[in-house]
There are 2 protein chains.
Amino acid sequence: MGAKKNYNDILKNRNLKVTKHRYAILESLEKSKLPVSAESLYIELKKKGISISLSTVYRSLEALYKKGIVIKSILPDYNKAVFEYNHNEHRHHMICIKCHKMQPVTGCPLEEYEKLIESKFNFTVKGHNLEVYGYCDGCESKTED
Amino acid sequence: MGAKKNYNDILKNRNLKVTKHRYAILESLEKSKLPVSAESLYIELKKKGISISLSTVYRSLEALYKKGIVIKSILPDYNKAVFEYNHNEHRHHMICIKCHKMQPVTGCPLEEYEKLIESKFNFTVKGHNLEVYGYCDGCESKTED
DNA sequence: TTTGTAATTGGGAATGATTCGCATTTGCAC
DNA sequence: GTGCAAATGCGAATCATTCCCAATTACAAA
Ligand SMILES: [Zn+2]
Ligand SMILES: [Zn+2]
Ligand SMILES: [Zn+2]
Ligand SMILES: [Zn+2]
């Protein structure tokens, strides 16, 4: 939360111009506990009285994603991308099969695994994608077909 | 490869009717080393002389996915779903950021992690999704912007 | 502060993957 | 063999995302 100035630097350091839109997007994402879709972010910004177009939201998110400032993921049952601020405290999510709720889990069990892959195959690891599926607290008792 | 009869049982056990299309899809997926998109599978089946519609390919894959017979995943940079046969030898993939090649890696580093999650949160784990990103053997020397 | 230029944006159209609707066909239990 | 629910074909519809292009803006250099 050394916020304000921070976003400017983050953007500048990655050769992205500082605009009020990007600023607002980062602010919104950083506050959000959970990953959000482009559209829901768009709606949220509108509610805050920010004038922005959906295209811009998509473009900004994509730019931020390419620079590693945000994390993008697409879930096989919820066919759209969701974005979250890349708090560098690496984290993953538990996703409920039933209600689609996502819950963050900090920490990562993959450090050794990545090293293993790098040495075993000739592959330079740059990151990974991990989500755990199952039934959340509330949906526990439900069984599927 | 106790193949032939096998698919029939797999389908029947999950309350899916046995049709030549599903049979062909499973056969194709099981042989494939790498995950394939619905469309490329469709094209492949056509080449084999099988008469099928793209809708059916989508519907069948979705049905097989819901039953756990195939695995579905969507990659954030290649915006479409890919499917692979669920060899129960659990595996994951390394995906090249540059050429999009996917390479399977058998084995899983997440058993303990899942137990941890189940006990720590009140969450019933049913599965997970893991891909490792980076540069493959051939694309090694390439840097991004 | 002013100017020049490339990056960013709006808004709407285009795209492309996936799903849907509905008439027809097929699997399979009885 | 019959009957019915499930599966299919094919085209239309949907929906997220990208693209186009003219107008605006950020910001570096003067
Ligand atoms: Zn739930
Ligand atoms: Zn991790
Ligand atoms: Zn590669
Ligand atoms: Zn695994």
Side-chain angles (χ1 to χ4, degrees), chain A residues 5 7-26 28 35-46 49-67 69-83 100 145, chain B residues 5 7-26 28 35-46 49-67 69-83 100 145:
Chain A
K5 268 284 153 309
Y7 299 139
N8 288 17
D9 294 342
I10 289 174
L11 292 170
K12 280 180 184 163
N13 290 339
R14 315 269 187 153
N15 293 312
L16 292 178
K17 290 189 175 173
V18 178
T19 70
K20 59 176 187 290
H21 295 118
R22 285 170 178 171
Y23 201 96
I25 287 173
L26 285 175
S28 212
V36 295
S37 68
E39 189 172 23
S40 61
L41 177 55
Y42 169 70
I43 291 170
E44 194 193 318
L45 293 173
K46 285 295 205 183
I50 294 166
S51 165
I52 191 173
S53 85
L54 184 56
S55 303
T56 300
V57 174
Y58 272 105
R59 272 184 300 225
S60 300
L61 287 172
E62 193 64 22
L64 295 170
Y65 163 62
K66 290 229 182 86
K67 298 296 187 174
I69 302 169
V70 308
I71 297 168
K72 174 182 183 180
S73 40
I74 312 180
L75 317 175
D77 289 308
Y78 181 64
N79 193 7
K80 60 176 112 172
V82 291
F83 301 83
H100 291 170
D145 173 32
Chain B
K5 268 285 157 296
Y7 299 139
N8 288 16
D9 294 341
I10 290 174
L11 292 170
K12 279 180 185 164
N13 290 339
R14 315 269 187 152
N15 294 311
L16 292 178
K17 289 187 175 174
V18 177
T19 70
K20 59 175 187 290
H21 295 119
R22 287 172 177 172
Y23 200 96
I25 286 172
L26 285 174
S28 211
V36 295
S37 68
E39 189 171 24
S40 62
L41 177 56
Y42 169 69
I43 291 170
E44 192 193 319
L45 293 173
K46 285 294 205 183
I50 294 166
S51 165
I52 191 173
S53 85
L54 184 55
S55 304
T56 300
V57 174
Y58 272 104
R59 273 185 296 226
S60 299
L61 287 172
E62 194 64 20
L64 295 170
Y65 163 61
K66 290 230 181 85
K67 298 296 187 175
I69 301 169
V70 308
I71 296 166
K72 173 182 184 180
S73 40
I74 312 179
L75 317 176
D77 290 307
Y78 181 64
N79 193 6
K80 61 176 113 170
V82 291
F83 301 82
H100 291 169
D145 173 32

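This structure is a prediction, so every number in the text was calculated from the model and none was measured.
- Residues from residues 69-83 of chain B placing a heavy atom under 4.0 Å of any atom in DNA chain D, listed by number, are B/Asn79.
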Next on the checklist: Before you tell me yes or no, could you show the steps for A/Lys72 and A/Glu62 under side chain to side chain contact (heavy atoms under 4.5 Å, CB included), namely the whole-Å CA-CA distance, both residues' side-chain angles and the distance that decides it to 0.1 Å?
Outcome noted: CA-CA 8 Å; A/Lys72 174 182 183 180; A/Glu62 193 64 22; 3.1 Å; yes

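- Protein chain B contacts DNA chain D over a range whose 5' and 3' limits, counting nucleotides with an atom under 4.0 angstrom from a non-hydrogen atom, are D/dA5 to D/dT17.
- Contact annotation: A/Thr56 side-chain N/O to C/dT9 OP1/OP2 distance is not under 4.0 Å.
- With hydrogens and angles disregarded, no donor-acceptor distance shorter than 3.5 Å links the side chain of B/Ser60 to the backbone of B/Val57.
- Under the 3.5 Å distance criterion, the side-chain polar atoms of B/Arg22 are left unmatched by any main-chain donor or acceptor of B/Leu11.
- With axes fitted over five pairs at each extremity, the angle between the ends of the helix from C/dT1-D/dA30 to C/dC30-D/dG1 is 50° (10° resolution).
- Note that the CG atom of A/Leu45 and the OG atom of A/Ser40 stand 9.5 Å from one another [nearest 0.5 Å].
- For A/Ser73, there are no side-chain hydrogen bond (donor to acceptor under 3.5 Å, both in side chains) partners at least two apart in sequence or on another chain.
- Among the heavy atoms of the strands, none lies under 4.0 Å from B/Ser37.
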Item to check | Summary of protein contacts for nucleotides 21-30 of chain C, nucleotide by nucleotide, where a base hit scores B, a sugar-phosphate-only hit scores S (4.0 Å, heavy atoms) | outcome: B-----BS--

Next on the checklist: Between B/Tyr23 and B/His21, is the side chain to side chain contact (heavy atoms under 4.5 Å, CB included) condition met? List the steps.
Outcome noted: CA-CA 5 Å; B/Tyr23 200 96; B/His21 295 119; over 6 Å; no

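- Rounding to whole angstrom units, CD of residue A/Glu62 and P of C/dT9 are separated by 14 Å.
- Protein atom CG of B/Leu54 is 13 Å distant from nucleotide atom C1' of C/dC20, rounded to whole Å.
- Taking each heavy atom of B/Leu54 and B/Ala38 in turn, the nearest pair found is CD1-O, 4.3 Å.
- Taking the side-chain hydrogen bond (donor to acceptor under 3.5 Å, both in side chains) definition, one finds that B/Tyr65 meets it with A/Asp77, sequence neighbours left out.
- Separating the OH atom of A/Tyr58 from the P atom of C/dG11 is a distance of 16 Å, rounded to the nearest angstrom.
- Among B/Thr56, B/Ile69, B/Ile25, B/Val82, the single residue meeting the side chain to side chain contact (heavy atoms under 4.5 Å, CB included) criterion with B/Leu61 is B/Ile25.
- A/Ile74 and B/Leu75 get closest at one heavy-atom pair: CD1-O, 3.9 Å.
- Here the side chain of B/Lys46 pairs a donor or acceptor atom with the backbone of B/Ile52 at under 3.5 angstrom.
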Checklist entry - Taking it one step at a time, do A/Lys12 and A/Lys17 satisfy side chain to side chain contact (heavy atoms under 4.5 Å, CB included)? => result CA-CA 6 Å; A/Lys12 280 180 184 163; A/Lys17 290 189 175 173; over 6 Å; no

Next on the checklist: Before you tell me yes or no, could you show the steps for B/Leu16 and B/Ile10 under side chain to side chain contact (heavy atoms under 4.5 Å, CB included), namely the whole-Å CA-CA distance, both residues' side-chain angles and the distance that decides it to 0.1 Å?
Outcome noted: CA-CA 9 Å; B/Leu16 292 178; B/Ile10 290 174; over 6 Å; no

